[in-house]
Amino acid sequence: MSKLLIDGEWVDALEGDTIDVIDPCSGQVFEKIARGRAADVDLAVAAARRALDGPWGRMTATERGRIMQRLGQLILEHGEELAQLEARDTGKPMSVARADAKAVARYFEFYGGAADKVHGQTIPYLNGYNVSVVRIPHGVTAHIIPWNYPAQMMGRTLAPALAMGNAAVVKPSEDACLSALKLAELAMLAGLPPGALNIVTGYGTEAGAALTAHPGINFATFTGSPEVGVQVQQSTARHHVPCVLELGGKSPQIVFDDADLAKAAPIIVRALVQNAGQTCSAGSRLLVQEGIYDRFVATIAASFEALKVGAPEMDLDCGPLINARHHQRVNAFIADAVAMGVPKLAEGSLAPGISGEGFFVKPVLFGPVPRNHRLACQEVFGPVLSVMPFKDEDDAVQLANATEYGLVAGVWTENGSRQARMAQRIASGQVFINCYGAGGGVELPFGGVKKSGYGREKGLLALEEMSTTKTIVQHYE
Ligand code: NAD
C-alpha cells in the first residue's frame, strides 16, 4: 500500500483509510493508496510552509536548478519503471507510457536549467532613486492533477513551481497516482529538502477540496474538468488565492482543399486516438472543406477501420478508458449519436483476447455531424472524432470558434496568407499549422481561452505564472 509524503516522510493517512486502485484493463483491484483528508492536507501545507522558512527557502536558484536537473536524470534512469507504473494505472500503450516518462524528465531538465536565468528589471525613476523589480515565489503552491497523463501533468506544474522556489503540495488523481508517488521518491533521492514537495493522495471531494480551500496556500494550479474548475475558483477566491486553470477542449482540425492530405491524415488520426482520446488537446473535431470532403473523409475512415485497441503490453493504437464511470459516459455519447441518426462512418476493433471486464471502447468516426449536435460541441474525452464540412474560410472560422472551448487548433493549407489569417482569427491558446502537437513541447506556452481555462503552463511563461514580483524603491542621498 502506498503512503502520503509529508515533510520528507512517507506516512499513512491520519484516519488510516485506503482507496482501491483499479486496473482499467481488467476492472480488478491491484493496489491500495492512502485516503488523505483535510487533516492530512493541514500537515502537508504546514510542512511546505516550514520548508520555505528553512533550507529550501534559503537555497540559491542555482542549487535548486541542480537538484531539479539531477531529478531529470533519475527519471530517465528509472524511465522503464515509471512507464510500467503509468501503463498499469492508466492502461495506456507501453510506447506512449515510455514517451510520457521521457517528457517528465524533460520538464525537470528544462526548468532546472532555467531556475537561475530568471532576471528582474531596473526602472528609471526620479533622481536619487534605485528601482528594481524582482521575481519572488508565491509561497505554498497547490497542484491538483488529473488521471490522463498523471506523470507528465505533475512535471508540467511542479517543475516551474520548484524552479521559482515555491514549496508544493500535490494532490494527484485518485484514479492514477502511482507515477506521482514514484516521482516524489526520486525527488527525495535527488536531494529535494523535506517539505519542498508533499503529496496527499485521496479523493477530489476530500483532499482536493480541502487543499484548494486551505487558507495556508498562496497559489493553485488545477488541470481537470471545467465543472471542477469552477469549484476550484470558488474555493481559492475565499482566500484571494490566484490560480491557473487548464480545463477541457474541443479542438478543431481544419483541412482546406489545397492541403497536403497525405501528410495531414495520419497526424489527424493520431491527434485524436492518442491516449484513447483522453487528451485535453485532442483534435476531436475534423472540419473539411466541401470540395475534398468525400475523398478525405474516406481516407480517415480507412485509417479508423485499421485502429486496434488493447492492453498496454500489446502496444496498439489505444488502451482502455480510465474507469467504469468514464467508460459509461463515452459509450452513452456514442449510443446517443447513433440513436439520433448521426452517420457512423467507421470504427476500429478490439484486439482478440482482451478482457470484457476492461473499460475498452472502439474508436469511432461520425459524420457529417450536425452543427448543433452535442458531438459537435461537447468534450467526449474518448476516441470519438466528429467530422463536419465547411464552405470557405469565413465558414471555417465560424465553425472553429463555435464551441465554448478554445485550447488548440490545427490548420492544414498550403496558402501562406490563409495560414496567417486563420492563426489570427481562431480563438485558442495554440494554433498549429500543417502539424499538430497534442500535448507535446515543454518549450511551448500552453493553456486555453474561454471554457478551456486561463493562465499558461509550459515554456518560460510558466515561470512567470509560478511567481509574482516585488518592486523595491531605494532612496539615496
Ligand atoms: P476532474 O476534474 O474530475 O479531476 C481532476 C482532479 O481534480 C483530480 O485530481 C480530482 O481528484 C480533483 N478534484 C475533483 N473534485 C475536486 C474538488 N471539488 N476540489 C478539488 N479537486 C477536485 O477531471 P478528470 O476527469 O481527472 O480529467 C478530465 C478533464 O480534465 C477533461 O475535461 C480534460 O479536458 C481536462 N484536462 C485538461 C488538461 C489541460 O491541460 N487543459 C489536461 C488534462 C485534462
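We number each residue from 1, following the sequence as shown. Numbering of ligands and ligand atoms starts at 1, following listing order. Every value quoted in this text rests on a predicted model; they were computed, and no experiment measured them.
Looking only at distances, no side-chain donor or acceptor of Lys182 sits under 3.5 Å from a matching main-chain atom of Cys177. Although no hydrogens or angles enter the test, the distance criterion places no donor-acceptor pair under 3.5 Å between the side chain of Asn166 and the main chain of Ala168.
Tyr107 and Tyr111 have parallel rings, their planes meeting at less than 30° on a 0 to 90° scale where 60° marks the start of perpendicular. Aromatic ring orientation, His138 versus Phe219: parallel (interplanar angle below 30°, classes split at 30° and 60°).
Within 4.0 Å of ligand 1, contacts by protein heavy atoms are made from Ile144, Ile145, Pro146, Trp147, Asn148, Met153, Arg156, Lys171, Pro172, Ser173, Glu174, Gly204, Gly208, Ala209, Phe222, Thr223, Gly224, Ser225, Pro226, Val228, Gln231, Glu246, Leu247, Gly248, Cys280, Glu379, Phe381, Leu407, Phe446.
Applying the side-chain contact (heavy atoms from CB on, under 4.5 Å) rule to Leu245 yields the partners Phe222, Val232, Gln233, Cys243, Leu247, Tyr454; only residues at least two apart in sequence or on another chain are considered.
Ion pair Glu206/Arg37 flagged as a salt bridge, since at least one NZ, NE, NH1 or NH2 atom sits closer than 4.0 Å to an Asp/Glu carboxylate oxygen.
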